Amino acid sequence: MNLSADLPIGIFDSGVGGLTVAHSIKSLLPKEKIIYFGDTFHLPYGDKSSKTVRYYSRKISDFLLEKSCKTILIACNTASASAFDEVTQHIGDRAIVMNVVDPVVSLLGGKGKNGKVGVIGTKGTINSGTYRDKITRRFPSMEVISKATPLFVPMIEEGFIDDDISDAIIHAYLSDRRFAGIHTLILGCTHYPLIRRQIERFFKDEVEVIDSGNIVASELQRKLQERDLLNPENGSDKHEFYVSDYTEFFDMISRMFFEEEVHLEKLDFWT
Ligand code: DGL
């Protein structure tokens with residue numbers, strides 16, 4: 001692996017959801033340059049077949065590699081669940097490949113290694129069984145309660161956050177009796193941090209709600225440190241944000257996810 005510290009960190013998602021992870025990385029590692037690709041042409045990934053998501057993920061990884069990224073971070077749970085092994089194999093030692101599932105699963109070890117854990121995400125993520133399999137392989141006495149919550153992504157993108165509509169949808173999904181007694185709820189979708197506080201309130205602050213942003217940023221820091229690849233110089237004034245389709249709406253919601261102005265550049269990537 002011939003990587004150097006001044007190379008950028010490549011991040012991709014089906015759209016703008018991964019910007020929640022990019023934001024955590026920017027906060028923890030302010031000197032790193034980020035190259036972000038949102039595959040808005042194909043959004044949502046949550047309803048696509050695993051084979052299709054693997055194909056998209058491989059092509060986008062090639063693009064990030066062409067941009068000389070030292071890391072390719074799959075900042076989408078759906079793509080992490082279906083495509084991580086394939087992308088890892090495809091990229092080989094040309095970059096460090098990371099997903100957003102493993103760092104979260106590893107962290108669960110600090111929760112006593114048993115009890116009941118809830119996981120919510122898109123249909124693609126939940127139906128893949130990735131969280132359940134990874135958790136029970138590592139912590140066989142943990143019980144995993146998984147539920148697809150497919151309305152959350154369009155709800156968030158339509159701006160229904162912290163209001164009566166989102167409260168009603170959150171209630172409809174999470175009042176599932178199977179969630180009674182969980183000690184932790186994993187937000188298995190990079191859109192969901194935007195409704196995290198509402199979900200915490202739904203569980204009366206008695207359930208620990210975790211999302212991948214800060215956890216993945218810390219794991220990335222650890223991996224880069226281990227290989228002496230943390231950028232000592234400041235390369236962060238030149239972040240690049242690409243999308244495969246563009247609407248003004250995306251520009252607007254990208255601000256919501258990244259918590260600051262983002263200039264999205266449209267690439268004719270698939271056409
Ligand atoms: N951000 C994606 C994820 O984490 C969800 C959006 C989609 O369905 O494409 O799974």
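Because only heavy atoms are used, hydrogens play no part in the values below, and waters and symmetry mates are left out as well, while side chains stay in. Predicted model, so just to flag it, every value in this text is computed and none were measured. Counting starts at 1 for both ligands and their atoms, following the listed order.
- For the pair Lys223 and Glu226, the salt-bridge criterion is not met [side-chain N within less than 4.0 Å of a carboxylate O].
- Ring geometry, Tyr45 versus His42: the interplanar angle falls from 30° to 60°, so the pair is classed tilted.
- Electrostatic pairing of Arg255 and Glu260 does not count as a salt bridge here, judged by no charged N lying under 4.0 Å from a carboxylate O.
- Interface atoms of ligand 1 facing Pro44, defined by a heavy-atom separation under 4.0 Å, are 7 (C), 8 (O), 9 (O).
- In summary, the atoms of ligand 1 found under 4.0 Å from a heavy atom of Cys76, numbered by their order in the structure, are 2 (C), 3 (C), 4 (O), 10 (O).
- Residues Asp162 and Arg197 are not paired through a salt bridge, judged by the lack of any N-O separation under 4.0 Å between the basic side chain and the carboxylate.
- Closest to atom 1 (N) of ligand 1, if we only count protein heavy atoms, is Thr190 OG1, 2.9 Å.
- Of the protein's non-hydrogen atoms, Ser14 OG, 3.5 Å is the one closest to atom 6 (C) of ligand 1.
- Among protein heavy atoms, atom 10 (O) of ligand 1 sits closest to Thr78 OG1, 2.7 Å.
- Neither the backbone nor the side chain of Val100 comes within 4.0 Å of ligand 1, counting heavy atoms alone.
- In terms of N/O distances under 3.5 Å, ligand 1 is approached by Gly46.
- Set against the non-hydrogen atoms of Leu43, the atoms of ligand 1 under 4.0 Å away are 9 (O).
- Classification of Arg58 and Glu86 as a salt-bridged pair holds, one side-chain N sitting under 4.0 Å from a carboxylate O.
- The protein heavy-atom contact nearest to atom 5 (C) of ligand 1 is Cys189 SG, 3.5 Å.
- Partner of Phe269 under the side chain to side chain contact (heavy atoms under 4.5 Å, CB included) criterion, out of Tyr242, Phe41, Phe63: Phe63 alone.
- Residue contacts with ligand 1, taken as heavy atom pairs separated by less than 4.0 Å, involve Thr122 solely via side-chain atoms from C-beta onward.
- Donor-acceptor pairing under 3.5 Å is recorded for the side chains of Arg138 and Ser106.
- Atoms of ligand 1 found under 4.0 Å from any heavy atom of Tyr45 (numbered from 1 in listed order, with element): 7 (C), 8 (O), 9 (O).
- Between Tyr173 and Phe152, the ring-plane angle classifies as perpendicular under the 30° and 60° cut-offs.
- Taking every non-hydrogen atom of Asp13 and a distance limit under 4.0 Å, the qualifying atoms of ligand 1 come out as 1 (N), 2 (C).
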